[in-house]
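So the structure is just underneath, and the comments pick up after that.
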Amino acid sequence: MTQIPIPSVTATAAGPRASSGFSLIGRQSLAMLLDAYRELSARKLFWLSMMLSGIVVIAFAVIGINENGVTLLGYEVGLPFSNTKRIAPATFYKLVFQSLGVQIWLTWAATILALVSTAGMIPEFIASGAIETTLSKPISRLRLFLTKYLTSLLFVALQVTVFTFCSFMVIGFRGGSWEFGLFLAIPIVLTVFSYLYCICALLGLITRSAIAALLLTVLVWFSIFIVDAAEKNLLLFRSGYDIAVKMHDEQIAKLQTRLEAAKKEAENPTPPAPPKDSGLTPGQEAATKNVVNNLLGGLTRKPKDPAAASPAAKQTAPAATTTTPAVAPPAPTDADASEEPIERQSRSAREAARATRAADKAATPEEISAQIAEWQTARKGSAETAASLATWHIGVLALKTALPKTGESAELLSRGLFKSDELSQWRDSASENGGGPPINTGKVRVPPRRATRAMEEALKSRSTLWIVGTSMAFQVTILGIACIIFTRRDF
Amino acid sequence: MNDHAVNLQGVEKRYRARLFGKGIYALRGVDVHIPRGAIFGLLGPNGAGKSTLVKVMMTVIRPTICRGTILGRPVGDRSTLGRMGYLPEHHRFPDYLTAAQVVDYFAAMSGVERATRRARTAELLELVGLKPWANHRIREFSKGMRQRVGIAQSLVCDPELVILDEPTDGVDPVGRRDIRNVLIEQRRRGRTVLLNSHLLSELEMVCDTVAIMVQGKVWAQGTVDSLTRYGQRYIIEALPSTSASVAASAGLDSLAPPPPDNSMLRSIAGAAMVHALSGLIRFQSEPSAPRRQWQPQDPTRPVLHGTLALPSGETAPVELDGQSLTIGVSDPKPVQQVLDAIRRAGMLILSARPIRPGLEELFMKAVTDDTTGMVLGPGANLDAPDAGRFNKSGASAASGSSSHAHSTASTGGVS
């Protein structure tokens, strides 16, 4: 073979000089993409991950829903809240896709697998002996690094595309609805993964070690998770205390109205007409007052029927709520506390109930004034706590703003996937007893569900732009640092 | 300088000092000129900065100072890189790819069109003898086979300048010959090749021009001929007839040169030589050990230095080591009168032969400190005071010995 002449092609070809800049970029990017695919397909973990995805989809296909409950491989599991009477099959499948498929499988388990299998890509790329040849090609270091970064996301892109497509087919065939919104999962999961992968790429570049990059990335991810959890909890308590302050305000306003009326009554004692005459007997009036107390935020005790809390929390008008059959007629106030389940009956709850009753029973202007003063003192305490919680919450929120929002970005899928009221009925009935412990402050008791609702509203009011924008800003910053390191390093 | 493929002046690379430890002054002003269409050899001891220089040229390392051009464009120009091929030292190509995929991938990165790429990949793999292995993964390959893939890869963009860093590393003799033929073919087609190797015999066989780097500087550079002219010499070996008879009586073969440890015979022969040449060569009175002009056979043995007056009025150095007389001339004419004088004295001339030093001797001279006779250790000069802080005067003072060597070489040999 020693005397093989140089091939004619080599001698005659015009060579790379003839190619334009654009086709050069295209050729290089395509080559790197193909290389990334070959690298992935050479990894066992990639196929393992694909297999697990397949298992999740199969499990997904096995779960069904009918009018009695959830079915599993044809066996029926009777569930009162999850059946076709409560929830449409398509919604049920979407819910399973979103909550199990995306929230658990794609953004947790598959993300870990993806990190494990792609953490080595950047360190291997820059390894001594491997990077020299690539660096010596007509491609700028910046473009080289960014192209490598983007092609490294191919792993997750392929995984999530295959998974979403299979889920789409399952929902189509089993749920009978072809939900194209499902494909939103591809950009969303890819974006969430890229938040973490940019950290991994930077650390891989600095440490040159896959395992160090991986462990540190998981550590950062955990920190993000902690900050996120802290922010949500602070928001929950802040919302609870804000509601408590509002409840105090309402009670004070009510007492002031009564004080006015009592004063007027004291001036003209002869007519026995009630202050705001509604044509009711005193007994009826008391009952109405209780309804108002119950519904207008005067939730000073745990409602006997949990369902009653829901319309109350929505702060609908009292007149409207009375028409809701779910609302039980207000029980006599004295009986309220005793009718609560024993475990719920805390001392503070009884005190709060007693305070409200005392306020209701006060008759003379002096008594009412004393009550107002008491309520105002109580309000002051709650307001102080609310203010300090707000300070802390804003601090943590500022920290969170700087960090990528993995959880909230993944939540965006449910915004896109479900119509605003699609889940409300199911959620009302299924998560009836959700939420943390009730907040007892001052003279009131905020039921957990009300605070949770307020928190959820606050989370929902955060714009997609804020969630994705700030996370992307984080990613751009991290990638910027990585690019600076990469372009300036001597390999 | 359009006739130069590479024309670099004053390339410097300083590595900043880390938190603990000193900085490294890897390149201390390197000037390299590679003519187009030549095979250029870069040699030097370990850590001399050869690979660093090559990496600077391929933009893998960012130089501290770099002036000059490669293929007519400034160093670091991206568009030039498409016209260059590079085989890095200790390369590790992605081992999940097949040989053909590796070559194709790097061709694509160089911007070669798909159709051209395919044809050229097949042809180059055949050229390096890997045709049957084209569709096997690199991870199955031996070191030598990977090296062949590397050669194919470096030539796939039909480069005007190929830079090969240790291309024969781990390659068997047949493979080396193959690679050599590939390089010669490149030269035939007017391509320029830069070969970085420490296998001097390899370089000697193919290189037109060489540069020797020592401690971050080019110690000497030029054609192999011009660089080795300084060491061209004649060695005359002669024995006095009397010593031949002494040897015979001692039971030794008179015509064989005396064994090196036979100091008596050596001194007899030496004394006869001094006597015979007394009118022609001025010898120093005492033998001395250091400051050997040529590569010594035994550095510990003292030799007698002298000078031979040439007709031109200049003098040529002479060394006498027993029966062996070395005259530092390349011209055979002055040697004739020395031979005549020896013959006149009735001595027996055993041999008279011209010596042309090889790259190895040149290399040894480059790494030997002129003043102390010590061979430099590997690596950049870490002991240089202030090298970590890059005090220019401090660094150049420390490298004084090598800059001295540089000046002698450039005045004596390169011109």
Side-chain angles (χ1 to χ4, degrees), chain A residues 1-43 121 124-125 127-144 147 487-491, chain B residues 13 15 55 58-62 78-97 101 104-114 116 119-120 122-124 126-129 131 137 150 153-158 163 165 174 177-178 181-182 185-186 188-189:
Chain A
M1 70 134 260
T2 55
Q3 290 307 318
I4 289 174
I6 289 288
S8 55
V9 179
T10 320
T12 53
R17 288 69 113 186
S19 61
S20 71
F22 183 75
S23 67
L24 175 71
I25 292 173
R27 218 166 273 155
Q28 287 169 337
S29 307
L30 205 66
M32 288 182 75
L33 192 69
L34 186 65
D35 178 61
Y37 171 72
R38 284 172 174 155
E39 185 173 359
L40 286 180
S41 63
R43 282 171 199 251
M121 285 183 97
E124 272 167 37
F125 178 65
S128 156
I131 184 73
E132 286 95 338
T133 329
T134 320
L135 275 185
S136 66
K137 297 298 168 198
I139 178 170
S140 78
R141 284 196 178 192
L142 188 69
R143 190 153 63 80
L144 180 65
T147 312
T487 49
R488 296 183 59 86
R489 183 178 279 180
D490 293 320
F491 287 96
Chain B
K13 178 62 194 176
Y15 289 102
K55 285 179 177 182
M58 296 313 297
T59 71
V60 174
I61 286 178
R62 292 149 33 95
R78 290 278 150 198
S79 64
T80 322
L81 292 172
R83 295 147 61 198
M84 293 164 79
Y86 176 44
L87 173 71
E89 186 185 28
H90 312 307
H91 57 78
R92 274 195 355 222
F93 298 128
D95 63 0
Y96 47 83
L97 296 181
Q101 284 170 348
D104 185 79
Y105 171 68
F106 287 114
M109 291 301 286
S110 290
V112 183
E113 282 168 20
R114 195 184 165 87
T116 319
R120 221 179 263 173
E123 283 156 1
L124 278 168
E126 189 171 0
L127 189 69
V128 296
K131 196 183 178 187
R137 290 208 172 159
Q153 168 275 128
S154 69
L155 295 174
V156 77
C157 63
D158 191 23
I163 298 184
D165 204 342
V174 179
R177 192 195 54 191
D178 292 348
N181 288 332
V182 170
E185 178 61 28
Q186 289 290 312
R188 195 188 61 74
R189 293 177 49 234

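Only a predicted model underlies this, so the values are computations on that prediction, with no experimental measurement involved. Each chain gets a letter, A, B and so on, in the order the sequences are listed, and its residues count up from 1.
Here the straight-line distance linking atom CE of B:M58 with atom NZ of A:K137 works out to 7.0 Å at 0.5 Å rounding. Rounded to the nearest 0.5 Å, atoms OG (A:S128) and CD (B:E89) are 8.5 Å apart.
Heavy atoms closer than 4.5 Å to chain A are found in the backbone of B:H90, but not in its side chain. Residue A:T487 touches chain B through its backbone alone, counting heavy-atom pairs closer than 4.5 Å. At a 4.5 Å heavy-atom cutoff, the contact between A:R489 and chain B is made by backbone atoms alone. For B:L87, no part sits under 4.5 Å from any heavy atom of chain A, backbone or side chain. Only the side chain of B:K13 comes within contact range of chain A, with heavy atoms under 4.5 Å apart.
Within a 6.0 Å sphere centred on OH of A:Y37, other residues, nucleotides and ligands contribute 12 heavy atoms or fewer.
With A:R27 contributing its side chain and B:A108 its backbone, the two residues share no donor-acceptor pair below 3.5 Å. A side-chain donor-acceptor contact under 3.5 Å links B:R78 to the backbone of A:I139. A donor-acceptor pair under 3.5 Å is absent between the side-chain atoms of B:R92 and the main chain of A:I131, judged by distance alone.
In terms of heavy-atom pairs under 4.5 angstrom with chain B, the leader among A:S136, A:A31, A:A127, A:S140 is A:S136. Heavy-atom pairs under 4.5 Å with chain B were tallied for A:E39, A:Q28, A:M32; the largest tally goes to A:E39. Interface remark: of the candidates A:S29, A:A130, A:S41, A:A130 forms the most heavy-atom pairs closer than 4.5 Å to chain B.
Across A:D35 and B:L97, no two heavy atoms sit closer than the pair OD1-CD1, 3.7 Å. For B:Q153 against A:T133, the heavy-atom pair with the smallest separation is OE1-CG2, 3.3 Å. Here the closest heavy-atom approach between residue B:M109 and residue A:T134 is recorded as CE-CG2, 4.0 Å. The heavy-atom pair separating B:R137 from A:A42 by the smallest distance is NH1-CB, 4.4 Å. Across every non-hydrogen atom of B:I61 and A:F491, the tightest pair is CG1-O, 3.5 Å.
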